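What follows is a single structure, written as structure tokens, with notes after it.
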Amino acid sequence: MTETLVRTDSGDAAASPRPVPPRRPGQRVAAVVVAFLLVFLLEGWITNPRMQWGTVGEFLFSPVIMEGLRTTLLLTFLAMALGIVGGVVLAVLRMSANPILSRLSWCYIWLFRGTPLLVQLLFWYFLSAIVPTIGLGIPWGPTFVQADTNDLITQLAAAVLGLGLHEAAYMAEIVRAGITSVDDGQNEAAQALGMSRGQTLRRIVLPQALRIIIPPTGNQAISMLKTTSLVFAIAVPELLTSIQGIYSRNFQQVPLLVVACFWYLVATSVLGVGQYYLERRFGRGTSRHLPPTPLQRLRGAARNHRKESAR
Amino acid sequence: MTETLVRTDSGDAAASPRPVPPRRPGQRVAAVVVAFLLVFLLEGWITNPRMQWGTVGEFLFSPVIMEGLRTTLLLTFLAMALGIVGGVVLAVLRMSANPILSRLSWCYIWLFRGTPLLVQLLFWYFLSAIVPTIGLGIPWGPTFVQADTNDLITQLAAAVLGLGLHEAAYMAEIVRAGITSVDDGQNEAAQALGMSRGQTLRRIVLPQALRIIIPPTGNQAISMLKTTSLVFAIAVPELLTSIQGIYSRNFQQVPLLVVACFWYLVATSVLGVGQYYLERRFGRGTSRHLPPTPLQRLRGAARNHRKESAR
Amino acid sequence: MTPAVIRAESVYKSFGRTDVLKGIDLTVAPGEVMCLVGPSGSGKSTFLRCVNHLETIDRGRLYVRDELVGYEERDGKLHELHEKAVARRRRGIGMVFQRFNLFPHMTALENVIEAPVQVRKVPKRQARERGAELLDRVGLADKAGSYPAQLSGGQQQRVAIARALAMKPELMLFDEPTSALDPELVGEVLEVMRALADDGMTMVVVTHEMGFAREVGDSLVFMDDGAVVETGPPAEVLSDPRHERTRAFLSKVL
Amino acid sequence: MTPAVIRAESVYKSFGRTDVLKGIDLTVAPGEVMCLVGPSGSGKSTFLRCVNHLETIDRGRLYVRDELVGYEERDGKLHELHEKAVARRRRGIGMVFQRFNLFPHMTALENVIEAPVQVRKVPKRQARERGAELLDRVGLADKAGSYPAQLSGGQQQRVAIARALAMKPELMLFDEPTSALDPELVGEVLEVMRALADDGMTMVVVTHEMGFAREVGDSLVFMDDGAVVETGPPAEVLSDPRHERTRAFLSKVL
Amino acid sequence: GGTTTVNQSKVPEQRVDPALRALLPRDIRDKGSITSAVGNDYPPLSLLDIDNKTVIGAEPDLIHAVGQILGVRVRLVQTNFDSIIGGVRSRRYDVAIQAMLDKKERQSQVTFVDYMKTSSSILASGKAAGNIHSLTSLCGSQVAVEQGTSQVDDVAAQAEKCAANGKPELEKLVFPDSVGCFQALSTGRADAFVGGTPTVVYQAEMSHGRFRTAGEPYRFLPYGILINKEEPTLVRAVRGALQKLIDNGTYAKILKQWNIRSGALKSATVNGGTA
Ligand SMILES: Nc1ncnc2c1ncn2[C@@H]1O[C@H](COP(=O)(O)OP(=O)(O)OP(=O)(O)O)[C@@H](O)[C@H]1O
Ligand SMILES: Nc1ncnc2c1ncn2[C@@H]1O[C@H](COP(=O)(O)OP(=O)(O)OP(=O)(O)O)[C@@H](O)[C@H]1O
Ligand SMILES: [Mg+2]
Ligand SMILES: [Mg+2]
């Protein structure tokens with residue numbers, strides 16, 4: 001029944017031809033149509049006189065815009081740092097066995113996710129309208145140290161506080177999802193080794209959760225890059241509002257918005273590359289081999305190309 | 001060696017006392033301090049004359065604000081619907097074996113995530129500045145049907161297009177993460193049963209991915225609720241901008257922003273409850289028993305309470 | 001002579017630089033129960049997956065019921081079939097995985113009727129009736145409404161078998177169906193498989209259960225390093241292996 | 001008489017409404033290898049986890065080296081210990097899980113030295129040296145730099161054993177250490193455990209490997225439905241079980 | 001869509017001028033209405049009525065009167081700055097009247113029909129009022145300005161002067177709207193606000209002494225109605241209608257009704273801004 005057959009007409013096995021992948025005429029047509037449309041749109045866009053490419057070039061590296069860009073990047077960095085740290089703390093509190101801490105964290109997330117960022121920014125900036133001085137003391141009792149709220153909370157501090165504390169509420173949910181995704185066995189194994197809860201979290205759970213946390217955090221960072229423009233409400237000029245300031249003076253809205261898009265795309269792309277490498281770093285150990293980096297891929301392709309052409 | 005011992009001094013086993021949970025004095029103190037601070041802050045907030053609670057009450061249900069709220073909710077709903085559908089399509093394309101489609105999707109995500117929403121909104125609203133009429137025809141060739149862009153893209157359409165297409169780029173990453181999280185074995189099992197790729201996606205993979213997709217989507221929806229305020233740039237007045245309009249006239253900024261916070265918190269809370277039930281629905285089958293709904297928990301607590309007090 | 005259900009002719013398969021199958025030749029006759037054994041990494045699963053076209057093959061020919069698996073021969077060349085055609089051919093082949101791979105968001109009955117309803121377009125009521133029958137056949141009539149997470153491993157694997165049977169396959173592939181189970185639960189699953197064999201189902205079973213191979217198998221194939229080393233009636237191969245490698249392996253597993 | 005390493009006195013444990021342990025009484029002497037067998041759901045894992053205070057107990061007393069596990073007795077009442085104190089007591093107990101639970105983001109060596117460095121504050125260089133020794137002892141000297149995903153199941157389980165040993169425990173708990181392994185790989189792990197037993201380590205082993213129990217075990221405890229049914233030297237219990245339930249279970253597993 | 005309102009104003013009814021009407025582009029005549037972008041937060045030029053929906057003020061009154069002379073209804077759309085230029089250029093709006101200064105650098109993008117002159121003034125908080133008399137005395141203070149106004153440039157220039165002369169630093173705070181400016185002023189985040197004279201005067205009156213005007217108004221520039229550059233006939237129609245309002249006294253009535261005492265024009269100019 002289980003004899004070995006070798007079909008004679010197909011010849012030597014090693015010589016039998018490799019199967020041919022199927023043709024997909026639909027895909028080809030779609031590809032051509034899409035390429036065609038893209039070229040059409042791009043052509044229309046680039047040659048459109050309203051784009052005023054000259055103006056774009058003129059403003060692309062202008063000092064005001066560079067300074068706005070710097071503010072945007074600085075705010076994004078500080079706010080995300082505060083947001084991530086706050087998010088981790090909130091997530092851990094939220095999942096703690098202590099009901100008071102857990103509820104407190106819930107309330108924070110509810111409040112800071114639920115109210116407009118504009119209000120939060122205005123709140124920190126105009127805190128002095130409600131609390132003219134901030135003091136250290138006993139509630140309803142004497143005050144020991146006190147300072148003018150406006151001096152204590154500078155403009156930048158208000159911006160970072162507003163953006164960062166708001167972000168922390170969102171990050172908390174993301175971190176929580178990440179921590180939940182780590183297998184419970186990891187926790188138990190660490191505890192069985194005598195590690196404390198803090199050590200377990202820091203050394204075992206968080207590094208693994210990062211794999212899940214990083215992609216949505218990338219989303220958040222990109223979002224933050226653009227959300228920073230809301231700090232204009234408290235008179236901090238960043239990239240987009242600097243640009244708005246310029247075109248509100250000369251009315252050259254389209255080319256200036258192209259400049260904005262350019263810089264945001266650059267920043268987003270840099271973030272994207274960073275995210276790629278972070279993901280790769282924290283994906284360590286999840287698969288047998290790391291995927292090649294784009295650089296390695298490029299080199300590999302070049303090598304193959306040389307080989308091909310050498311034939 | 002393995003004899004059975006019963007310590008006599010500890011008495012009958014079933015009667016041996018239950019262990020006492022540890023006291024955590026630190027936690028208690030923290031709880032009291034936190035409660036104290038909260039009351040202090042709340043007291044200061046509520047009794048602060050600048051809050052002008054009368055004004056809050058006066059405007060809370062005023063028709064303009066109700067209309068703004070309606071616009072906000074409508075826009076959020078439509079934009080999220082477009083964003084979710086678009087996100088699923090983009091994620092599937094991004095993961096497709098076809099390199100053209102995958103790259104196209106990548107480009108879309110890059111472009112729409114990377115440029116400011118303001119620009120995208122203005123783009124759709126002022127499309128006619130670049131393309132005065134939209135026609136159906138052959139590129140560089142004759143046009144068959146054509147219409148005025150301003151008629152075709154109404155103000156609302158521009159708002160929904162801008163918000164929704166922007167959101168789709170973010171949702172694509174979220175959906176992709178969700179799909180990746182579904183065990184490969186599920187795909188194989190479905191294929192081995194002769195299901196097509198579409199059927200596998202629709203019936204097997206997506207329903208399981210939802211468990212991962214829902215929480216960040218909740219984040220996005222809450223975020224969208226507030227992002228809609230950007231559509232004022234294209235002259236669509238929603239909740240926050242209606243309120244800004246009012247306080248720009250009467251300068252009662254604080255109480256009016258309290259009104260804004262109130263409505264956003266209400267909307268966020270409703271969304272949160274919806275999310276809870278959705279998560280519960282799609283968590284089906286992942287654990288042995290479904291967790292109780294808050295309602296069930298409430299009933300349970302009431303029952304226990306009755307029991308306790310009956311003693 | 002009725003055509004063989006599976007006919008493999010020098011099937012080659014590699015992943016990147018690793019050659020996993022190095023020229024497999026095999027025939028499975030209708031009604032035959034073939035047991036596939038061999039050390040880990042020898043390519044047993046990969047072969048089974050090739051039969052079902054979950055993997056493409058690199059060289060050689062693989063026929064199921066005299067039809068090429070996943071390919072079409074034109075002008076002496078193999079052309080990969082389109083997804084739809086592949087799916088159509090797969091319907092005649094049932095597969096049971098080591099890790100069950102039940103759909104966790106569906107009850108046992110929903111798992112069983114999913115493919116008939118979606119793929120064969122069987123009316124839902126009819127599918128439910130037949131699904132209940134099948135669950136009854138694997139001894140789980142009372143678990144129709146349970147989700148996989150509420151079932152023991154043995155029960156899950158039996159639902160998986162019922163799910164595969166629901167498509168009325170003429171060939172069943174089992175990839176270590178009992179190796180993820182507690183020793184106590186192995187028996188229930190083997191029982192169901194034995195009954196299936198008695199009904200005349202053609203089966204290819206990758207297994208480490210030598211008792212099952214001896215009692216139920218019509219033939220035993222020992223694979224190592226991507227090639228078939230030894231083949232013959234189970235009793236013969238198990239008691240008197242001809243090859244050194246077979247002997248070494250059996251001494252560890254038995 | 002040296003004190004018992006484990007002394008359980010009418011240990012009760014329930015999850016919600018299910019009573020899982022219904023009065024367990026057990027003593028494990030120093031150097032003893034105790035094998036725990038019983039059907040699925042009988043509470044074997046739960047008991048092991050109670051010993052390590054991964055679960056709290058509801059009633060009774062559980063001593064390791066004459067110290068209450070996770071509790072302190074004051075005024076005749078048991079007070080749960082603080083996390084730090086629990087962690088300190090756990091260091092003397094090594095645990096090996098069925099599913100290995102290696103830290104996937106760390107290499108084999110990093111897995112082994114993590115706890116000594118973090119918990120015992122052993123200097124890193126010293127920990128590395130001892131870690132390499134331990135990996136050598138379990139036959140994995142050359143895999144120190146591999147991530148768990150790059151190791152076979154048997155190798156992973158051996159790393160897990162080395163990891164537990166790195167804390168120099170005086171008691172090792174094994175929860176079905178071989179049941180997630182391919183039959184071929186079981187041997188390597190049992191070999192390491194056998195060597196450990198020969199070195200005089202006190203061990204509690206939940207297992208379905210009756211051969212191991214017979215050869216290495218000093219005592220065999222059969223549990224069913226949360227209670228100890230039968231206890232005695234393995235050879236005796238296995239060849240001539242006194243209870244009906246033991247007999248029924250053994251007939252299925254052997 | 002949008003917030004379209006019809007203003008019940010006390011401005012005398014105008015009669016249609018057929019000659020001017022004939023200048024209107026065909027599609028506007030066909031529609032029978034023109035769409036005008038307006039602001040809503042720049043009293044007394046534009047503000048929201050008590051219903052929080054209707055825009056009122058001098059600008060809506062003027063544009064309505066213009067519409068009556070041209071024989072078309074006027075649809076008002078409240079917008080913010082970002083959509084004005086794009087809106088006019090893409091013909092979403094036929095005209096825009098939103099306190100926009102007619103400045104040389106803007107004239108390459110749109111055409112202005114000037115309807116009044118304005119000047120800039122300084123509003124100081126009660127605390128700082130004693131030390132502030134003019135732009136030069138702003139060194140060392142924090143000054144709020146509104147995004148997109150010419151005062152942003154004035155204050156920036158003054159800041160540079162302060163730095164050049166070794167005086168204490170002038171800190172410029174640009175806010176998106178005037179509310180932010182006044183909020184900053186009242187919370188002490190800013191010492192002074194530089195803005196259009198009408199707003200400054202209006203706020204000084206409304207603040208019951210908390211804010212005071214400081215120094216004299218400076219630099220007069222025309223506000224212009226924005227019109228697409230490619231619509232020269234519409235420009236002529238609007239200019240003609242405005243001239244007619246000036247001639248028949250309605251223009252003066254409107255300014256008086258909104259308490260605007262300075263800046264009235266004798267004749268309506270096109271792109272009259274020279275700065
Ligand atoms: N998708 C893949 N990519 C790369 N290598 C693979 C892939 N699938 C299988 N392999 C490799 O192919 C070889 C054979 O794998 P296969 O699963 O067929 O073995 P097996 O005989 O079923 O072993 P086991 O008893 O462990 O299941 C292994 O070395 C494996 O690492
Ligand atoms: N965290 C938990 N919550 C609720 N029930 C639990 C929990 N852990 C265990 N159980 C239940 O307790 C019982 C005993 O479980 P345990 O894991 O101790 O059994 P076991 O003897 O180790 O079985 P197996 O051989 O399957 O591992 C089972 O019925 C199980 O469902
Ligand atoms: Mg396999
Ligand atoms: Mg167990």
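A, B, ... follow the sequence lines: proteins, then strands. Residue 1 opens every chain. What's counted below: heavy atoms across the whole structure, side chains too, no hydrogens, waters or symmetry copies. Everything numeric here is computed off the predicted structure, so don't read it as measured data.
- Looking at L54(C), only its side chain comes within 4.5 Å of chain B, counting heavy atoms on both sides.
- Between chain B and the residues V86(C), V96(C), L102(C), the most heavy-atom pairs under 4.5 angstrom are made by L102(C).
- Note on H53(C), M167(C), Q118(C): by heavy-atom pairs under 4.5 Å with chain B, the leading option is Q118(C).
- With a 4.5 Å cut-off on side-chain heavy atoms, V119(C) and L193(B) do not count as touching.
- Shown here is R194(C), whose CZ atom has more than 12 heavy atoms of other residues, nucleotides or ligands within 6.0 Å.
- Within a 6.0 Å sphere centred on NZ of K121(C), other residues, nucleotides and ligands contribute more than 12 heavy atoms.
- Contacts with chain B (heavy atom to heavy atom, under 4.5 Å) involve no residue of residues 127-146 of chain C.
- Residues of residues 166-178 of chain B lying under 4.5 angstrom from chain C, judged on non-hydrogen atoms, do not exist here.
- By the side-chain hydrogen bond (donor to acceptor under 3.5 Å, both in side chains) test, R91(C) is found to be paired with no residue, residues two or more places apart in sequence or in another chain being considered.
- The residue from L173(C), V20(C), V206(C), I24(C) that alone fulfils the side chain to side chain contact (heavy atoms under 4.5 Å, CB included) condition with F47(C) is I24(C).
- Considering every non-hydrogen atom in both L161(B) and L82(B), the closest pair reads CA-CD2, 4.3 Å.
- Both the backbone and the side chain of Q191(B) come within less than 4.5 Å of a heavy atom of chain C.
- Note that R7(C) lies in the cation-pi zone of Y63(C), set by a 6.0 Å cut-off to the ring centre and a 45° limit from the axis.
- Q120(B) and T115(B) are linked by a side-chain donor-acceptor pair at a separation below 3.5 angstrom, with hydrogens and angles left out of the test.
- With sequence neighbours left out, A189(B) forms a side-chain contact (heavy atoms from CB on, under 4.5 Å) with F97(C), N101(C), F103(C), R163(C).
- Nearest heavy atoms, I161(C) versus M193(C): CD1-CG, 4.2 Å.
- Closest approach of A197(C) to V33(C), counting heavy atoms only: CB-CG2, 3.7 Å.
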